[in-house]
Amino acid sequence: MAETEHRPTNFIRQIIDKDLANGVHTSIKTRFPPEPNGFLHIGHAKSICLNFGIARDYQGSCNLRFDDTNPAKEDIEFVNSIQQDVKWLGFEWDGEARYSSDYFDQLHGFAVELIEKGLAYVDFSTQEAMREMRGTLTEPGKNSPYRDTSIETNLQEFAKMTAGEYPEGHCSLRAKIDMTSPFMCMRDPVIYRIKFAHHHQTGEKWCVYPMYDFTHCISDAIEGITHSLCTLEFQDNRRLYDWVIENITIDCTPHQYEFSRLNLEYTVLSKRRLIQLVEEKHVAGWDDPRMPTIAGLRRRGYTPGSVREFCLRIGVTKMDNMVEMSMLEACIRDDLNVNAPRAMAVLEPIKLVIENYPEGESETLTAPNHPNDESMGTRNLNFGREVWIEAEDFRESANKKFKRLVLDKEVRLRNAYVVKANRVEKDAEGNVTTVYCTYDADTLGKDPADGRKVKGVIHWVDVASGEPAQFRLYDRLFNVPNPAAEDDFVDAINPDSLIVKSGWVEPGLPGRVPEVGSWQFERTGYFCLDKDSTPEQLVFNQTVGLRDTWAKIGD
RNA sequence: UGGGGUAUAGCCAAGUUGGUAAGGCAGCGGGUUUUGAUCCCGCCAUCCGUAGGUUCGAGUCCUGCUACCCCAGCCA
C-alpha cells in the first residue's frame with residue numbers, strides 16, 4: 001500500500017540527526033532485541049518499524065538479536081515465530097540473527113574483569129536478606145556482609161558458581177555500585193545468577209546466566225549499536241547500562257534512548273497476559289484472529305503495509321498513550337479499499353424467488369472487480385430465478401430511511417436487476433424465509449426507462465451456483481478500553497468476540513485469491529480465507545467491517 | 001522534595017533559536033455514487049495541566065503547584 005509519504009520526524013530521529021551532524025557517528029546501527037518467550041504483538045511492531053525504519057532511512061543497518069538470558073522462560077518455538085513475523089512485516093535484519101547467548105563467553109569475561117577491578121562480588125545472602133538490605137524507595141539500602149570479600153576470593157567463588165558447585169539460589173554475582181543510590185537498580189544489582197536449565201541455544205554448557213542489565217549494554221557494544229532504543233520502563237536502567245559500559249574494557253559506547261510503549265484500547269499488550277490468554281485457552285492460540293499478535297493480525301487479514309502504516313501514524317514519543325482501535329482499523333481499510341477486489345457474499349441468507357424469471361433458465365452477468373479501478377477487470381456472475389439475499393436487507397414494512405427491500409417496494413440487486421417484493425413465506429417462528437418478487441428485465445446496467453428512482457442496492461448470491469461458506473465475525477476481545485487496569489482482566493473478556501455465521505459466497509473465490517489475500521464482500525466488510533477452510537466448506541475471517549454510518553443512525 | 005519520566009482537541013501527534021496552534025483518527029454538515037463503502041467539499045483548540053513572572057510578544061524562557069506513569073525480580 002502507499003504508506004504515508006513523509007517520514008514523520010520524532011525525537012529519536014532528531015537525536016540521530018544531531019549525532020550525525022556533530023560527527024558523533026558516521027553511520028547508524030540499531031537492533032530489535034526480543035526475548036523469545038512469546039509471540040510478537042503490535043507493540044513490538046512499533047519497535048520493529050522504529051528500529052528497522054531508522055536503519056533504512058539513514059542507510060544504516062539493524063540487527064535482530066534474541067535476548068535469551070533466561071532459559072527458564074524461553075523456547076525455540078518463539079525464536080522461529082519471531083523471525084517469521086519480522087520478515088512478514090517486510091524487514092530484513094543485518095546478517096544472521098544474533099543471540100545474547102552468542103556472547104556468553106565474553107560476558108563471563110567482563111564479569112571477571114569487574115571482579116578483578118573490585119567492582120563485583122559474590123553474595124551468599126538469601127534473596128529475602130537481599131531484599132531487606134536493598135532498602136525502599138525512600139530509604140537507602142545497607143551494604144551486604146559479602147561486599148568486602150577479597151578479589152581473590154570473589155574470583156574463586158565466581159569460578160565455583162560457574163563450575164556448578166553451588167545450587168540455584170545459593171549465591172549470585174553482584175556489581176558493587178552504591179547501596180544508597182536513589183536508583184534502585186544501582187543498589188548493587190545482581191549481574192549473574194545460577195540456573196540449571198537447558199538453554200535452547202547453548203544447551204547444558206552454562207549453569208550461570210547473566211542478567212538483562214549486564215547483558216544488554218554489552219551486547220549492544222559488541223554489535224556496534226549506536227542507538228539502543230527501548231521502552232520507557234528502562235529509563236532508570238540506563239544508569240546501570242552506562243555504568244557497565246564505563247567500567248569494562250570495550251571500545252564502543254552505545255547509548256540508550258527510551259520511547260513510550262504502545263497501548264491499544266480493548267486489548268492487552270503484555271506478554272504475561274497474552275501468554276495467559278493462550279494457556280488458559282480463552283483464545284484458540286497465538287494466531288487467534290482476535291489476538292493483537294502479529295500472527296493474529298496476519299490471520300485476521302491485516303497486511304504488512306497496514307501495520308507499518310499504523311506504526312507511522314501513531315508516532316514515537318515519551319508520552320503514555322492509549323491508541324483507539326479505530327486508528328488501526330482505518331489503516332487496514334485504507335489498504336484494502338484500494339487493493340481488495342470486490343465480491344458478494346450473503347452471511348445470513350433468506351431466499352429471493354423472482355416469479356417472472358423463466359424457470360430453469362439462467363444467464364451470465366458481468367461485474368467489475370473494483371468500482372474505481374478498471375485495471376482490476378471484471379468477472380462473470382451467474383444469475384437465475386433464485387438468489388440468496390441478506391435477511392437484514394428485507395423488511396415487510398419500513399420507513400423511508402430503510403433503503404433496502406420492502407414489500408411492494410423496489411430495490412436493485414447489485415450488478416443485476418431491479419426487483420419488487422410481492423409476498424413472503426415464513427417459518428413456524430414467523431421468520432421470513434422466502435421473499436417472492438418480480439424483476440424489471442429492462443434495468444440491467446441502466447435505470448428504469450420510465451425515470452422512476454430506485455435508491456437502494458443490496459447484494460446477493462445465485463442459489464444455483466453459490467458456494468457454502470462459514471463467516472467468522474470478530475469483535476473486540478475485551479469489553480473495557482483498558483482491561484489491564486481491571487482486577488482480573490480475564491473477567492473483562494467479551495463473550496461475543498467471535499460470531500460464526502453460515503451463508504453463501506459467489507463461486508470460484510478460492511481459485512482466484514487476490515494478491516492481497518483479501519476481498520471486500522460488498523456492503524459487508526473485508527474478508528480473507530482462513531486456514532480452517534476445507535473443500536466442503538470455505539471459512540472466511542472478517543478483517544474489519546465497512547465504515548457504517550447507517551448503523552449509527554439506526555432507524 | 002526518594003529518584004526517574006510525561007503533561008498541546010475525544011484519541012494519536014507536529015510545534016527545537018519566543019512572533020501569534022500542522023497533520024492523522026474519530027465526529028459533524030453537504031455533494032457524487034448500482035457498496036448506507038469509496039471519493040470530494042466544509043466544520044471541529046482565541047488556546048497549549050495549573051497559578052504567577054519575564055517580554056512589545058510565550059505552547060515555546062523562569063518560578064511555584066497539580067495530575068499521571070515507571071523503579072524496591074537471583075524477569076526482560
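What you see is a predicted model; the values in this text were computed from it and never measured. The sequence lines fix the lettering, A, B, ..., with proteins before strands; numbering per chain opens at 1.
Distance noted for atom C1' between B:A45 and B:G15: 14 Å (whole Å). The same atom, P, is picked in B:C62 and in B:A67; the two are 23 Å apart, to the nearest Å. Going from the C1' atom of B:G5 to that of B:G49 covers 16 Å, rounded to whole Å. For the C1' atoms, the distance from B:G59 to B:A13 is 14 Å, rounded to whole Å. A gap of 12 Å separates the P atoms of B:A21 and B:C47, to the nearest Å.
Residue A:Phe521 is classed as having no contact, given no heavy-atom separation below 4.0 Å to the nucleic acid. Contact annotation for A:Asp123: no contact, since no heavy-atom pair falls under 4.0 Å across all strands. At a threshold of 4.0 angstrom between heavy atoms, the contacts of A:Arg134 are confined to the sugar-phosphate backbone, with no base atom among them. Among the atoms of the strands shown, base atoms are found under 4.0 Å from some heavy atom of A:Arg342. Looking at heavy-atom distances under 4.0 Å, A:Asn337 makes contact with sugar-phosphate atoms alone, never a base. Nucleic acid contact for A:Asn321: sugar-phosphate only, since backbone atoms but no base atoms lie under 4.0 Å from a heavy atom of the residue. At the heavy-atom level, A:Gly445 lies under 4.0 Å from base atoms of the strands shown. Using a 4.0 Å heavy-atom distance criterion, A:Leu262 is classed as making no nucleic acid contact. Heavy atoms of A:Pro371 sit under 4.0 angstrom from at least one base atom. Counting non-hydrogen atoms under 4.0 angstrom, A:Lys271 reaches nothing in the nucleic acid. In this structure, A:Ala416 reaches the bases: a heavy-atom distance under 4.0 Å links it to at least one base atom across the strands shown. Within 4.0 Å of A:Gln520, counting heavy atoms only, lies at least one base atom of the nucleic acid. Among the heavy atoms of the strands lying under 4.0 Å from A:Thr69 are primed sugar atoms or P, OP1, OP2 only; no base atom is included. A:Gln127 comes within 4.0 angstrom of a base, heavy atoms only.
To the nearest 0.5 Å, atom OH of residue A:Tyr212 and atom OH of residue A:Tyr241 are 8.0 Å apart. Going from atom CG of A:Asn10 over to atom CD1 of A:Ile54 covers 6.0 Å, rounded to the nearest 0.5 Å.
Between the CG atom of A:Asn70 and the C1' atom of B:C75 there is a distance of 6 Å, given to the nearest Å. Between the CG atom of A:Asn10 and the C1' atom of B:C12 there is a distance of 14 Å, given to the nearest Å. The nearest whole Å value for the distance from the CD atom in A:Glu309 to the P atom in B:C25 is 10 Å. What separates CG of A:Leu328 from P of B:C12 is a distance of 15 Å, to the nearest Å. Between the P atom of B:A37 and the CG atom of A:Leu336 lies a distance of 17 Å, rounded to the nearest Å. In this entry the distance linking CZ of A:Phe259 with P of B:C70 reads 17 Å, nearest Å. A:Asp188 places its CG atom 12 Å from the P atom of B:C74, with the value rounded to the nearest Å. Between A:His199 atom NE2 and B:C75 atom P there is a gap of 14 Å when expressed in whole angstrom units.
With a 3.5 Å ceiling on both atom-pair distances, B:U20 lacks any Watson-Crick or G-U wobble partner. Look at B:G2: its Watson-Crick or wobble partner, with both distances under 3.5 angstrom, is B:C71. Across all strands shown, the partner of B:G27 is B:C43, judged by Watson-Crick or G-U wobble contacts whose two distances both fall under 3.5 Å. Across all strands shown, B:U66 pairs with B:A7; the Watson-Crick or G-U wobble distances both stay below 3.5 Å.
Taking both residues in full, the closest heavy atoms of A:Phe104 and A:Asp68 are given as CZ-O, 3.8 Å, listed atom of the first, atom of the second, then distance. Residues A:Lys195 and A:Ala72 come closest through the heavy atom pair NZ-CB, 4.4 Å. Scanning both residues, A:Ile76 and A:His200, for their nearest heavy atoms gives N-CB, 4.2 Å.
Between the side chains of A:Glu223 and A:Tyr103, at least one donor N or O lies within less than 3.5 Å of an accepting N or O. A:Asn369 and A:Arg379 share a donor-acceptor pair across their side chains, judged by distance under 3.5 Å alone. For the 3.5 Å distance criterion, the side chains of A:Asn380 and A:Thr364 fail to qualify, holding no donor opposite an acceptor.
For the pair A:Leu413 and A:Glu233, both in contact range of RNA chain B, the more 5′-proximal nearest nucleotide belongs to A:Leu413. Take the nearest nucleotide of RNA chain B for A:Asp68 and for A:Leu444: the residue whose nucleotide is more 5' is A:Leu444.
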remark   = Counting primed atoms, P, OP1 and OP2 as sugar-phosphate and everything else as base, the B/S/- map of nucleotides 26-33 of chain B against protein heavy atoms under 4.0 Å is SS------
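For A:Asp236 and B:G3, a side-chain-to-base donor-acceptor distance below 3.5 Å is present, hydrogens and geometry of angles not being considered. For A:Arg238 against B:G4, a side-chain-to-base donor-acceptor contact under 3.5 Å is absent.
For A:Trp550 and B:G36, the ring-to-base geometry satisfies the stacking test (centroid distance below 5.5 Å, interplanar angle below 30°).
Under the 4.0 Å criterion applied to side-chain N and carboxylate O atoms, A:Arg452 and A:Glu410 are assigned as salt-bridge partners. Salt bridge annotation for A:Arg313-A:Asp334: present, with a cationic side-chain nitrogen under 4.0 angstrom from a carboxylate oxygen.
Phosphate proximity of B:A14 to A:Gln14: absent, as no side-chain N or O sits under 4.0 Å from OP1 or OP2. OP1 or OP2 of B:A14 has not a single side-chain nitrogen or oxygen of A:Arg313 nearer than 4.0 Å.
Checked against B:G36, B:A72, B:A14, the side chain of A:Leu137 finds its nearest nucleotide in B:A72. Closest contact between the side chain of A:Met319 and the listed nucleotides B:A7, B:G5, B:C12 involves B:A7. With B:U35, B:C74, B:G5 as the choices, the nucleotide that has an atom nearest any side-chain atom of A:Arg239 turns out to be B:G5.
Under the 90° criterion around 0 for the glycosidic angle, B:G5 counts as anti.
Taking the ring axis of A:Phe489 as reference, the NZ or CZ atom of A:Arg273 stays within 45° of it and closer than 6.0 Å to the ring centre.
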